[in-house]
Amino acid sequence: MIRGLVQGVGFRPFICRLAARYGLFGEVDNRTDGVSVILQGDLESINRFSNDILKDAPPASHIKSMEINETRFAGYESFSIAESKTVDNLVTEISPDIAVCRECLDDMEKDPERIDYPFINCTNCGPRFTIIEALPYDRPMTSMKFFKMCDGCKSEYEDILDRRYHAQPIACNKCGPVCNFRDITKSISNLNQILDEVSVQIASGKTVAVKGLGGYFLMCDALNNNAVNELRQKKHRDEKPFAVMFRDVSSVKNFCYLEVDEEREILSWRRPILILRQKKLLSPSVSNGLKTTGAMLPYMPLHYLLFKHIKTPVVVLTSGNISDDPIITDDSTAEKQLLKVAGSVLSYNRAIHNRADDSVVRIIDHMPCILRRSRGYVPRPVDLKMDVEGILALGADQKNSFCIGKGYQAIMSQYIGDMKNPAVYDFFTESIDRFSGMFKFKPEIIACDLHPDYTSTHYAEILEKKLKIPLVRVQHHHAHIASCLAENSIEDEVIGVSFDGTGFGTDGNIWGGEFLIADIEKFSRFAHFDYIPMPGGDKAVSEPWRMAFSYLFRYFGDNLDYKSIPLFRSIDANKLSVVREMIIKKINLPLSSGAGRLFDAFSALLGLCSDETFDSEAPMRMESAIDCETNDYYPFHAGETIVFSDTFKALLEDMPHKKTGVIAAHLHNTVAQVILQTSQKIRRINSINKVVLSGGVFQNKYLLEKTAALLRKEMFEIFTNHLVPANDGGISLGQLAVTSKLRRICV
Ligand code: ZN
Ligand code: FE
C-alpha cells in the first residue's frame with residue numbers, strides 16, 4: 001500500500017512500467033487512501049521494484065508512506081491495472097497543472113509526429129486542473145473532448161508500457177490543438193510564421209497577448225524600458241512590479257542571485273514565480289525600485305518554442321487583464337480586451353476551463369513560502385487530522401481564496417482576488433459552484449470572517465438563508481493562526497503571533513499586531529500593538545504619511561516640530577492640517593493595532609513611500625531598503641499594549657545622520673525583538689513553547705528570518721505557513737479548521 005499524493009499523477013502507469021522492467025506479475029489498484037500494488041515474483045526483483053518506487057516516482061507524486069505485507073495469493077499471468085472499484089470516493093484527487101517534462105522536451109526534437117508540437121504532454125506532465133470540467137478525470141470530462149485522437153496517439157494512450165498511457169490530454173501535430181495569431185490586419189495559422197511574427201513584435205518593443213495554461217498573459221521584452229512602460233500604461237497598472245520569464249536558469253543567474261533552495265524551487269514542476277534578489281537590473285520599470293524580481297522559467301512547451309525564436313533572454317509575463325480584474329481565460333474576451341492593450345494575440349483552440357494565475361513563492365528561512373497559491377498547487381488538498389466534511393469556508397476579502405472540506409482534506413480554491421471588484425466577486429461565486437460540482441461537495445455549514453462588511457460575509461449570509469445551514473464567523477487573526485496549526489497538525493495551545501494590515505477585532509477595532517494564546521478551537525488576546533487612529537479610514541492605508549503623522553501625534557502631540565521632518569515638508573500643508581483636525585475632533589477615525597500600519601508609518605518617515613500606488617508598497621520598500629548586517633534595535637515598551645513612543649523618538653534622532661538602509665534594519669530588528677520579548681513573557685506565565693508566526697507581515701523575508709533566528713536561539717519551537725499563504729490567501733483554511741472544532745463541540 002502506497003500512501004500520499006499518488007493519484008492523478010501517472011502513478012499507476014509508472015508502476016506498470018516498473019513491473020515490466022523486473023518481469024513481475026500482479027495488479028495495481030487505486031484505493032480511497034492510496035494505491036495498492038500486488039506483486040508476484042522472486043524476492044530480489046520485488047525488493048528492487050520497491051526501491052525504484054521511491055527513487056523514480058513521477059515528479060508530481062509525493063509518497064508519504066509505503067507499507068509492504070506478504071500474501072499467499074498468487075496466480076497472476078500478467079501485470080495489469082485493476083478497474084477502480086471505489087471511484088466515487090476518489091473524487092478529491094485532481095492533479096494541479098504540471099510543467100512540461102524533460103522527456104517531452106526531447107520528444108519535441110525527435111518524435112516525428114511531435115516535432116515542435118506546442119501542446120506535447122505525457123502522464124508526467126501537462127495541463128490538468130485548468131482543463132478539467134468534471135470528474136472522473138477522463139478525456140471526455142476535459143476541454144480535450146473536442147479533439148479526436150489519431151491512431152498513433154490512440155495506440156500510445158492504450159499501451160500500458162508507454163509514457164503516454166492514459167495521458168488524458170495526449171495529442172500530436174496530427175490531431176491536437178493548434179495555435180493561431182491575430183492582429184488588426186491579419187491572422188496566421190502556420191506555427192513557424194506565428195513564432196517569427198511574435199519574435200518580430202517583441203523585438204520591436206510591442207506587447208503580445210499569449211494564451212497560457214490558466215489564462216491569457218501579456219508579454220514584452222523585459223530589457224526594453226519603453227516597451228515595459230507602454231504595457232504598464234495600457235494595462236492601467238499601478239507601479240506594482242511585473243513578473244518576468246527567463247529563457248533558462250543561466251539567464252536567471254545573470255540577472256538574479258539564485259541560492260540552492262531557490263534554484264530547486266524555480267525548476268520544480270510547479271514552476272512558480274519566485275521572488276529573487278536582483279543582481280543586474282532589468283528594464284527599471286519592471287521592478288520600480290524594488291531590489292527583488294519575480295522570476296519564473298518556461299512551463300508550457302509553447303514557451304520553449306517562443307524562446308527558440310525570440311532574441312531577448314527575458315520577457316515580462318504578466319496576467320492578461322485590465323487593472324485588477326480576474327485574468328482573462330476565454331478567447332473572445334481576450335480578443336476584445338487584449339487587442340487594445342497588446343497589438344496582437346497568440347492563442348490556441350483548447351479551452352481553459354478553470355482559471356489559474358501564476359503562483360508566487362519566496363524562499364524564507366530556507367523553506368518555500370507561498371505568497372499566491374494557484375497554478376501548480378491547486379487543487380492539491382491539504383491533509384488534516386480532523387474531519388472537515390461539508391464545511392465551506394469563504395475566506396477574507398483581500399487576496400481571497402475559499403476552501404471546501406472533503407473528509408479529512410481541505411481543498412483550497414485558486415487565488416481569486418480582491419472582492420471589492422465586481423468581476424472578482426463573479427469569479428468567486430462561479431468558482432464555488434464549480435468546486436462543488438467537481439468535487440461533489442454539498443455545504444452543511446459555512447464559515448466566514450467576523451467582519452460584518454466583507455463581501456464574502458454578505459455572500460455567506462445569503463447562503464445561510466438560502467441553504468438553511470449554520471454560519472460560523474471566525475475572527476481574522478485567529479484564522480491566520482489556525483491556518484498554520486491546521487497545516488502543521490498542531491493540537492496544543494501556542495503563542496500565536498498574528499501580524500497583518502487589517503482584520504476585524506472582537507472589540508470592533510481594526511486588529512493586526514496581535515499576540516494570541518490560541519489553539520484551533522479558541523483564542524485569547526495576550527497583548528497587542530498600540531491602537532493608533534487611522535485618519536480617513538481606508539485613506540490612511542493608501543497614504544502611509546497619514547499613519548506617520550498619526551503615530552507621532554499620538555506620542556508627541558504638539559511637542560514636536562513637524563516641519564523639521566522631511567516627510568511633512570513634502571506634504572501639502574492643507575492636507576496635513578485637515579488630518580490633524582480629524583484626529584483632534586475624532587472625525588472618521590477608526591482605531592488600528594495593525595502591524596502593517598506601523599511599517600507604513602516607518603516607511604513614510606524614511607522617505608520610502610508616502611503614498612502607495614499598490615497594496616503593501618510601503619512595507620515592501622522598507623524591506624527592500626535594508627542594506628547592512630546588524631542586530632541593533634530601538635527601544636520600545638512591551639506591556640499588554642506594545643507602545644512604540646521610544647522607537648519613534650530614537651528613529652527621529654537617527655534620521656539626520658544614519659543611512660536609511662541601516663535605520664530600516666534597526667526598525668525590522670525592533671519588531672523582531674518585540675516578538676521575542678513578548679513570547680518570552682507568555683512562556684514564563686503560561687509555559688507555552690510553540691510559536692506560530694502568521695499573517696501577511698511574515699511575507700517579509702528579513703523580518704521572518706530575523707525573528708525565527710531570535711526565537712530559535714531561545715529554544716522556542718517555531719511554525720510558519722508553507723502549504724497555504726501566510727497572507728489573507730490562507731485565511732479560508734483557518735476558518736475551515738476552526739469551524740470543524742466548533743462543530744464537534746456543538747454535536
Ligand atoms: Zn511529459
Ligand atoms: Fe490578514
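Given the structure is predicted, the values throughout are model-derived calculations rather than measurements. Just follow the structure's listing: the first ligand is 1, and inside any ligand the first atom is 1.
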Checklist entry - Quick one: angle Cys122 SG - the Zn ion (ligand 1) - Cys125 SG, to the nearest 10°? => result 120°
Checklist entry - What angle sits at the Fe ion (ligand 2) between NE2 of His480 and NE2 of His476, to 10°? => result 100°
Item to check | Intermediate values then yes/no, ring-ring contact (aromatic ring centres under 6.0 Å, His included), Tyr165 and Tyr157 | outcome: CA-CA 4 Å; Tyr165 175 74; Tyr157 183 85; 7.3 Å; no
Checklist entry - Should the pair Phe523 and Trp511 be assigned to parallel (<30°), tilted (30 to 60°) or perpendicular (>60°) ring geometry? => result perpendicular
Checklist entry - Counting only heavy atoms not in Lys145, do more than 12 fall under 6.0 Å of its NZ? => result yes
Checklist entry - Taking the Fe ion (ligand 2) as the vertex, how big is the angle to OD2 in Asp500 and OD1 in Asp728, rounded to 10°? => result 170°
Checklist entry - For the rings on Phe307 and Tyr304, is their centre-to-centre separation under 6.0 Å? => result no
